[in-house]
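Notes follow once the structure below has been shown.
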Amino acid sequence: MDSLIPTGRVPDYLNRLNPEQRAAIETTDGPLLVLAGAGTGKTRVLTTRFAHILLSGRARPNQILAVTFTNKAAREMRERVSALLGEPAEGLWLGTFHALCARMLRRHAEYVGLTSSFTILDTDDQLRLLKQVLEPYRIDTKRWPPPAIMGVIQRWKDRGLVPDAITAAEDTDFANGRCAEIYTDYQSRLRQLNACDFGDLMLHMTEILRKHPDVLAQYHRFFRYILVDEYQDTNTIQYLWLRLLAHRSDQPSNICCVGDDDQSIYSWRGAEVENILRFERDFPGAKVVRLERNYRSTRQILAAASGLIAHNEERLGKTLHPGREDAEGEKVRVISVQDSDDEARMVGTEIERLRADGHTMSEIAILVRAGFQTRAFEERLITLGLPYRVVGGLRFYERAEIRDAIAYMRVVNQPSDDLAFERIINVPRRGVGATGLQKMHMHARERQIPLTAAVLEMLGTGDIKGRAKEQLAALMHTLGTTRDMLGREGHVVAIDHLLEESGYIDMWKADKSPDAPGRLENLKELVRSLADYENLGGFLEHVALVMDTEDRAGEDSMSIMTLHGAKGLEFDTVFLPGWEEGVFPSQRTLDEGGLKGLEEERRLAYVGITRARKLAIISHAANRRIYGNWQSAIPSRFVEELPAEHTETRGDTSNSRRSFLGRPAVFGSTPFPLVASRRVHDVTPSTSKASGMKVGVRVFHQKFGYGTITSVEGNRLEVAFEKAGPKRVIDTFVEQV
DNA sequence: CCGCATTTCCTAATT
DNA sequence: GGAAATGCGG
């Protein structure tokens with residue numbers, strides 16, 4: 001293809017790139033893998049490449065398919081491409097995997113038994129639907145909780161397996177091998193409801209592309225170039241979808257995937273690092289460009305992070321070098337403290353000092369492994385009066401009042417949306433209980449009609465009695481008037497009417513709990529945001545797929561968040577607390593994932609350190625309060641793996657890994673297996689009384705009778721009772737016999 | 001059908 | 001320690 005750029009003149013946007021970045025952008029044709037280390041200008045390469053393809057005349061805006069994982073990334077990319085082009089980028093196929101698939105699927109829905117107006121279910125709906133499907137199976141939900149079964153189905157979908165593809169061998173470990181049946185039923189219920197869950201968007205679209213060569217050919221004609229962000233996070237179905245779109249006979253696969261195998265931290269939700277490791281085999285003739293010049297962090301930080309990640313086996317191999325000469329910086333600090341309260345105190349003190357020295361608060365972050373760790377820091381920061389925000393709590397669209405309001409809108413938009421109707425039928429209370437709802441379900445199933453229609457019929461025949469009768473009649477009337485208003489007065493007015501007349505707003509006005517005013521405020525905000533969309537349908541598509549809201553640019557506050565949440569962000573100073581065996585690396589990951597799990601934890605540690613521009617402060621405590629009781633802990637193996645010449649150790653040295661030598665690091669099934677002696681630090685009063693409680697001791701329990709202790713964990717015992725079987729009990733409730 | 005008491009569980013989190 | 005689900009009495 002002819003270039004529109006005059007020969008001999010390098011366009012502006014290429015001039016300020018380093019040679020690797022330029023190679024990543026100018027290698028436009030054929031498969032390309034860009035291995036972009038942390039802070040090496042990944043987003044810049046991606047957006048500049050996009051603009052370059054357009055500006056050099058290789059493709060028109062709608063001939064590039066650009067895929068991201070999150071809406072945030074898609075938004076950012078759109079903005080930066082627009083900036084490079086000097087005009088708003090419109091008509092692009094740029095979005096998340098799911099948004100792009102939804103857009104395609106609306107055009108071909110009939111191939112998978114749906115209509116183009118299919119509903120996209122959220123996580124709540126999925127689970128509610130699965131529970132309904134589960135009913136006739138009479139499965140012990142204690143042993144096989146519905147969310148776990150949902151997980152099995154989702155993982156099958158992630159791997160591109162339709163119900164028919166599930167082999168018996170695949171379906172052994174769960175719900176007595178009946179998951180495949182459940183999966184089949186669940187899928188047919190979805191089809192009846194004209195609905196998709198998130199997994200279906202990918203699964204259906206991939207099936208269509210696979211079975212209908214004409215459809216595939218159509219997209220091949222469309223897309224000349226494919227760009228993929230965060231390729232290390234793709235799961236199998238996303239890989240299959242990409243491969244179908246990329247592999248073609250008429251031209252080379254112009255697919256460019258950008259990613260970093262060292263930052264793959266999402267295997268637990270289906271991501272396959274193997275996709276990126278295998279790229280060169282999947283796309284013959286592929287070129288690989290490594291971006292290793294880091295412009296973010298100091299040399300000390302990069303060296304510490306590189307030394308740590310070098311302990312991983314499964315990697316393509318890549319070393320970060322400082323991109324600037326002047327960036328020597330401070331060594332990574334490793335601080336040892338007595339207990340988790342001391343740790344919070346230490347972090348608070350350090351932050352106060354940073355603030356006194358004039359550091360901007362928003363340039364400081366505390367990155368934790370798990371959500372439960374945030375509380376200690378929050379409490380400390382409140383005491384000190386330091387502004388902070390916890391990133392990644394409940395988001396706007398996850399709040400109960402927002403989900404309820406959206407369910408109301410869904411029923412208006414699509415009267416056959418049974419799941420939405422079920423959510424709101426008794427909110428506010430309308431005298432409909434489990435039994436009443438069941439009758440309605442039976443009626444609906446008999447007559448093969450949606451729930452709303454069943455309610456109307458039953459109101460007519462007098463099958464609904466009492467308080468429910470009047471209230472439901474009023475609800476149905478409100479739904480009807482709202483639909484009328486939708487056409488005449490616009491969706492904003494109509495929805496306002498709906499939430500008022502249905503009594504939903506009044507329900508919160510009557511609520512005396514302290515968070516009710518906030519909820520009303522959220523509802524107002526929701527109605528206000530409706531105005532940004534042309535119609536109700538457009539709004540609902542947005543909330544189904546774009547479940548995030550713009551970060552509100554607030555005051556100058558520091559961030560507390562999980563390591564996962566911090567990926568892609570950067571701060572001057574980063575605190576990394578809780579580097580203890582069992583916490584980080586997480587015991588559960590070790591138990592379930594073995595060596596692979598450990599390597600993923602190590603990548604998480606690598607992500608954490610590389611978030612810091614100037615200073616990283618790692619800490620570990622000798623004793624930690626977990627779920628209410630004290631447990632002792634030993635420093636994380638990652639502390640030892642940091643190259644000593646790039647770290648500076650402070651604090652109580654008796655709490656080093658050395659003093660725990662002789663206890664081999666093993667993967668065990670018991671929680672915190674390295675710390676058999678943790679009860680030494682147990683300060684709960686119950687232990688003194690129960691000090692004789694050891695494995696093998698025979699005990700008597702008022703309710704369960706006689707038994708033998710099989711495990712001891714703090715004051716919690718597991719006892720094999722002779723009559724009652726294995727039970728977990730608190731030590732004070734049994735007597736030694 | 002509702003509200004209160006008791007019991008149970010506890011990784012990460014996007015679409 | 002605490003949220004959320006379950007169970008029980010009114």
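Lettering of chains follows the sequences in order, A, B, ..., and the numbering in each one begins at 1. Everything numeric here is computed off the predicted structure, so don't read it as measured data.
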Proximal nucleotide (of [options]) relative to the [X] side chain:
{"X": "Thr70(A)", "options": "dT14(B), dC2(B), dG1(C)", "result": "dT14(B)"}
{"X": "Thr589(A)", "options": "dT14(B), dT15(B), dA12(B)", "result": "dA12(B)"}
{"X": "Arg375(A)", "options": "dG1(C), dT15(B), dA12(B)", "result": "dG1(C)"}
{"X": "Asn426(A)", "options": "dT15(B), dC2(B), dA13(B)", "result": "dC2(B)"}
{"X": "Trp268(A)", "options": "dG3(B), dA12(B), dT15(B)", "result": "dA12(B)"}
{"X": "Thr562(A)", "options": "dT15(B), dG1(C), dA12(B)", "result": "dA12(B)"}

Determine the contact category for [X]: base if any of its heavy atoms lies under 4.0 Å from a base atom, sugar-phosphate if only primed atoms, P, OP1 or OP2 are that close, otherwise nothing.
{"X": "Arg369(A)", "result": "base"}
{"X": "Gly199(A)", "result": "nothing"}
{"X": "Glu600(A)", "result": "nothing"}
{"X": "Thr123(A)", "result": "base"}

Give the rounded distance in Å between these two atoms: [atom1] of [X] and [atom2] of [N].
{"X": "Asp158(A)", "N": "dA13(B)", "atom1": "CG", "atom2": "P", "value": "17 Å"}
{"X": "Gln631(A)", "N": "dG1(C)", "atom1": "CD", "atom2": "P", "value": "14 Å"}
{"X": "Arg75(A)", "N": "dT15(B)", "atom1": "CZ", "atom2": "P", "value": "9 Å"}
{"X": "Ile120(A)", "N": "dT15(B)", "atom1": "CD1", "atom2": "C1'", "value": "9 Å"}
{"X": "Arg603(A)", "N": "dA12(B)", "atom1": "CZ", "atom2": "C1'", "value": "14 Å"}
{"X": "Asp233(A)", "N": "dT15(B)", "atom1": "CG", "atom2": "C1'", "value": "13 Å"}
{"X": "Gln154(A)", "N": "dT15(B)", "atom1": "CD", "atom2": "C1'", "value": "10 Å"}
{"X": "Leu563(A)", "N": "dA12(B)", "atom1": "CG", "atom2": "C1'", "value": "9 Å"}

Most 5' of Phe372(A) and Val432(A) on DNA chain B, judged by nearest nucleotide: Val432(A)
Donor on one side chain, acceptor on other, Asn312(A) and Tyr606(A), under 3.5 Å: no
Residue pair Gln232(A) / Asp262(A), side-chain donor-acceptor N/O under 3.5 Å: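 Short answer, no.
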Any Asn71(A) side-chain N or O less than 4.0 Å from OP1/OP2 of dT15(B): yes
Is_stacked (Tyr266(A), dA12(B)) at 5.5 Å, 30 deg: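 Not stacked: fails the 5.5 Å / 30° test.
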Ring pair (Phe, Tyr, Trp, His ring centres under 6.0 Å) involving His564(A) - partner list, sequence neighbours excluded: Tyr266(A), Trp268(A)
Arg369(A)/Glu601(A) ion pair, N-O < 4.0 Å: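 The answer is yes: the pair qualifies as a salt bridge.
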Salt bridge (charged side-chain N to carboxylate O under 4.0 Å, His left out) partners for Arg380(A), two or more places apart: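 Counting only residues at least two positions away or on another chain, Arg380(A) forms no salt bridge (charged side-chain N to carboxylate O under 4.0 Å, His left out).
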Whole-angstrom distance between dA13(B) and dA4(C), as gauged at atom P: 16 Å
Backbone N/O of Arg637(A) and side chain of Glu581(A): donor-acceptor pair under 3.5 Å: yes
